[in-house]
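Below you will find the structure I want to go over with you.
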There are 2 protein chains.
Amino acid sequence: MAAVLPLADLQGQVRRVSWLNSIIKGDCVAALEALPDHSVDAIFADPPYNLQLGGTLHRPDQSLVDAVDDDWDQFSSFEVYDAFTRAWLLACRRVLKPNGTIWVIGSYHNIFRVGAIMQDLNFWLLNDIVWRKVNPMPNFKGRRFQNAHETMIWASRDAKAKSYTFNYDALKASNEDVQMRSDWLFPICSGSERLKDDDGKKVHPTQKPEALLARVIMSSTKPGDVILDPFFGSGTTGAVAKRLGRNFVGIEREQDYIDAAAARIAAVEPLGKAELTVMTGKKAEPRVAFNALIEAGLVRPGQVLTDARRRFSAIIRADGTLSANGEAGSIHRLGAKVQGFDACNGWTFWHFDDGQSLKPIDELRTVIRNDLAKLD
Amino acid sequence: MAAVLPLADLQGQVRRVSWLNSIIKGDCVAALEALPDHSVDAIFADPPYNLQLGGTLHRPDQSLVDAVDDDWDQFSSFEVYDAFTRAWLLACRRVLKPNGTIWVIGSYHNIFRVGAIMQDLNFWLLNDIVWRKVNPMPNFKGRRFQNAHETMIWASRDAKAKSYTFNYDALKASNEDVQMRSDWLFPICSGSERLKDDDGKKVHPTQKPEALLARVIMSSTKPGDVILDPFFGSGTTGAVAKRLGRNFVGIEREQDYIDAAAARIAAVEPLGKAELTVMTGKKAEPRVAFNALIEAGLVRPGQVLTDARRRFSAIIRADGTLSANGEAGSIHRLGAKVQGFDACNGWTFWHFDDGQSLKPIDELRTVIRNDLAKLD
DNA sequence: AATATGGATGAATCGATTG
DNA sequence: TCAATCGATTCATCCATAT
């Protein structure tokens with residue numbers, strides 16, 4: 001895992017997909033040109049934030065704040081930063097599969113430019129997600145609000161791409177059975193998770209917490225997917241992807257970061273298949289025709305169905321349709337019609353009387369589905 | 001208060017500052033041209049969001065969602081929206097005092113374009129503030145994360161303006177003696193605060209809560225300051241400004257909104273000097289997702305949970321659900337399922353073995369809650 | 001008079017499959 | 001490619017009505 005390939009080696013090996021689960025050394029845009037079109041399922045990008053720091057910053061006790069002042073975060077103007085942003089986003093767009101999605105994280109220094117450029121390039125914004133930091137750095141001068149969050153943009157390749165991966169049911173089940181919101185709460189990366197060098201200095205100034213990446217990856221990818229991180233840094237994306245049974249591709253310029261990331265990822269133990277199975281909902285279940293209930297003898301032609309409160313009733317016909325008040329149609333169409341609605345889920349609307357109580361015909365569909373499950 | 005002046009009247013009366021505490025009827029940019037340079041201390045702008053809605057949306061109960069489809073929110077392209085944004089921001093910049101600040105609120109549909117243009121026009125971003133909605137509208141189709149926040153940008157007129165108003169100590173004192181963070185929690189505007197017409201219909205589709213405006217105004221203005229709102233709508237800015245002893249200027253095109261806002265503001269009773277302090281409310285115990293335990297490392301995927309008497313067991317999966325006997329679900333659903341019940345409190349039912357004894361996972365939730373207690 | 005229940009609603013870029 | 005069909009999908013809160 002996590003072999004480090006110079007760009008030259010990579011280009012000769014694309015056919016064997018040797019770039020899977022490796023870190024490509026080189027400039028982001030140039031390295032991306034070596035990847036095939038539509039070759040990755042998802043992208044997580046943590047680009048330079050273009051922080052505009054005036055001078056040095058001291059805490060109230062006069063200790064020096066170790067700010068992000070690396071060369072890679074220096075841009076001479078918004079125009080230069082915009083050109084850089086457009087270039088790497090375009091390159092990412094080409095390698096992204098048509099139904100793939102991209103995540104970009106940033107702060108108020110850069111995220112507005114990034115978001116506008118994403119829209120200009122026809123990415124279709126699905127959500128902006130707020131990472132609320134449990135333990136953000138205070139504002140030492142007391143001149144602003146404490147900058148306690150960062151923003152992530154989640155987008156599909158274009159507006160027409162409707163089949164992107166979103167594990168809605170799993171997220172909901174893991175969140176007290178209510179849907180996951182756009183504001184997430186996580187601690188910043190610190191303690192034993194934070195990579196340090198031999199001198200105890202942090203390896204990377206903006207290492208992201210694994211919990212954040214875990215939710216990103218669990219929500220919008222499937223096991224076996226390929227996740228690209230064009231600004232790999234300390235390799236959080238790769239470490240979490242490996243642990244969660246996904247593949248990764250990282251791009252990084254600095255050898256120190258590559259070395260630290262490769263060692264980190266090598267130490268990761270992937271989870272087993274059982275632990276990685278994702279909870280799915282009804283949408284993922286096989287379709288069952290209402291006719292199958294008749295054929296299985298679970299309901300019979302002539303039988304009366306009603307809604308849960310017995311306000312409406314209909315008769316089952318031998319062809320698998322229902323009739324009521326001289327009208328006929330599928331369980332869905334007729335359910336909609338009697339209520340005066342445009343649409344209706346007939347499976348949950350229509351009920352049958354089992355002698356004791358009214359039960360939705362959806363329970364009979366479950367019987368059929370359980371029988372089907374034994375066959376494979 | 002709140003006299004409504006047609007633009008023509010205004011221009012002849014500028015010297016007497018007759019526009020103070022009034023609503024100017026007219027187009028935003030044209031009306032702004034009639035105001036003197038450097039004449040307002042702060043600006044709060046709630047521009048059109050440029051929502052691009054495909055068709056109609058129904059709730060699961062088939063009721064129709066009353067979407068924002070007003071003419072004033074329709075733009076033919078990003079270019080047109082950008083030009084509009086640049087025009088009103090430039091006009092605002094001219095009337096803003098050198099040490100004044102501006103707030104702009106938006107959603108992911110427009111806020112990235114707005115923020116980038118503000119930077120291009122040399123506004124200096126001080127913070128982005130996240131309004132976390134207590135009670136946002138759900139995502140009915142389960143295709144995205146629940147869009148549970150909006151974003152505000154707070155900026156000074158330019159980078160050199162260091163003497164802007166920021167009531168740091170008052171905010172801190174009103175916030176349990178810790179710095180005010182960049183993520184704010186407020187309910188949406190509803191109930192008796194929401195303006196309704198005689199038919200019970202909402203007067204304005206996007207009326208903002210007064211609590212939100214109150215924090216904006218208390219944090220970045222002084223009593224007696226002039227606050228401009230170039231998209232006045234239902235007049236929340238004016239109502240809160242009057243109550244908090246500030247002056248306002250509103251600009252609005254639609255007569256219906258002007259009438260409603262004028263009546264609303266007329267009914268406001270200004271607070272006395274002593275009462276101009278911010279109130280905060282403690283919320284009930286925060287909801288904790290089971291996923292938070294995994295993300296915090298308190299439990300791990302693959303780990304086995306049992307009930308208190310070890311009659312039932314289940315395995316934790318990486319997506320935050322449990323699985324047992326080929327079935328899966330949330331801690332609550334699966335707890336109910338294995339027992340054959342309709343419902344179950346998974347927090348007290350499922351236990352983990354800490355090496356000495358079985359303990360309910362509810363104890364781990366307490367650990368998380370203690371961390372959270374600092375935040376809400 | 002409290003409490004319970006049902007309905008309404010909010011800045012929303014909100015399908016997938018088959019014929 | 002388009003049209004028809006199947007059938008999946010909601011949270012917190014407020015208010016009106018019923019018990």
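Chain letters run A, B, ... following the sequence lines, proteins first, then strands; residues in each count from 1. Please read all numbers here as calculations on a predicted model, not as lab measurements.
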Quickly work out the Q207(B) CD to dC14(D) P distance and round it to whole Å. 15 Å

Scoring nucleotides 3-10 of chain D by protein non-hydrogen atoms under 4.0 Å (B base, S sugar-phosphate only, - none) yields ---BBBBB

When all nucleic acid strands are considered with a 4.0 Å heavy-atom cut-off, which category describes P209(B): base, sugar-phosphate, or nothing? nothing

Applying side-chain contact (heavy atoms from CB on, under 4.5 Å) to F290(A) and L322(A), what does each step give before you reach the verdict? CA-CA 10 Å; F290(A) 181 62; L322(A) 302 185; 4.1 Å; yes

Look at all strands and tell whether P187(B) reaches a base, only sugar-phosphate, or nothing, counting heavy atoms closer than 4.0 Å. nothing

In whole angstrom, give the distance that lies between atom CG of N147(B) and atom P of dA12(D). 16 Å

Judged by nearest nucleotide, the residue sitting upstream toward the 5' end of DNA chain C, N127(A) or R309(A), is R309(A)

Mind checking whether F186(B) and W184(B) have parallel, tilted or perpendicular rings, split at 30° and 60°? perpendicular

In whole angstrom, what separates K201(B)'s NZ from dG10(C)'s C1'? 15 Å

Just compare dA11(C), dA12(D), dA16(C) and give me whichever is closest to any side-chain atom of S163(A). dA16(C)

Relative to each other, are the rings of Y257(B) and H204(B) parallel, tilted or perpendicular (30° and 60° limits)? tilted

Is there a side-chain contact (heavy atoms from CB on, under 4.5 Å) between F349(A) and V338(A)? Walk through the geometry before answering. CA-CA 11 Å; F349(A) 177 71; V338(A) 296; 4.1 Å; yes

Separation of atom CG in L212(B) from atom C1' in dA11(C), rounded to whole Å: 13 Å

What is the ring orientation for F145(B) with W103(A), classed by angle as parallel under 30°, tilted 30 to 60°, or perpendicular over 60°? perpendicular

dist W124(A):CH2 -> S156(A):OG (nearest 0.5 Å) comes out at 8.5 Å

Of all the nucleotides listed (dG10(C), dC14(D), dT9(C)), which has the minimum atom distance to the side chain of S63(B)? dT9(C)

Mind calculating the distance between CG (D66(B)) and C1' (dA8(C)) to the nearest angstrom? 11 Å

Between D169(A) and K172(A), is there a side-chain N and carboxylate O pair less than 4.0 Å apart? no

Report the distance from atom NE2 of H149(B) to atom P of dA12(C), rounded to the nearest whole Å. 13 Å

Here the distance between atom C1' of dT17(C) and atom NZ of K162(A), to the nearest Å, is 16 Å

Give the rounded distance in Å between these two atoms: CD of Q146(B) and P of dA11(C). 13 Å

Is a salt bridge present between D120(A) and R113(B), judged by a nitrogen-to-oxygen distance below 4.0 Å? yes

With a 4.0 Å cut-off on heavy atoms, is R113(B) in touch with a base, just the backbone sugar-phosphate, or nothing at all? nothing

Would you measure the distance from the C1' atom in dA18(D) across to the matching atom in dA1(C) and give it in whole Å? 14 Å

Kindly indicate whether a cation-pi arrangement holds for R143(B) with Y164(A), taking the cut-offs as under 6.0 Å to the six-membered ring centre and within 45° of the axis. yes

Which is true for G55(B) with a 4.0 Å heavy-atom rule: it touches a base, it touches only sugar-phosphate, or it touches nothing? base

Which stems, defined as runs of 3 or more consecutive Watson-Crick or G-U wobble pairs with both pairing distances under 3.5 Å, involve DNA chain C? C:2-10 with D:11-19, C:15-19 with D:2-6

Any ion pair linking K201(B) and D199(B) (charged N to carboxylate O, less than 4.0 Å)? no

Indicate, with a heavy-atom threshold strictly under 4.0 Å, whether S107(B) touches base, sugar-phosphate, or nothing. nothing

Considering only atom P, compute the distance from dA11(C) to dA8(D) and round it to an integer number of Å. 30 Å

Between dC14(C) and dA12(D), how many Å separate the two P atoms, rounded to a whole number? 22 Å

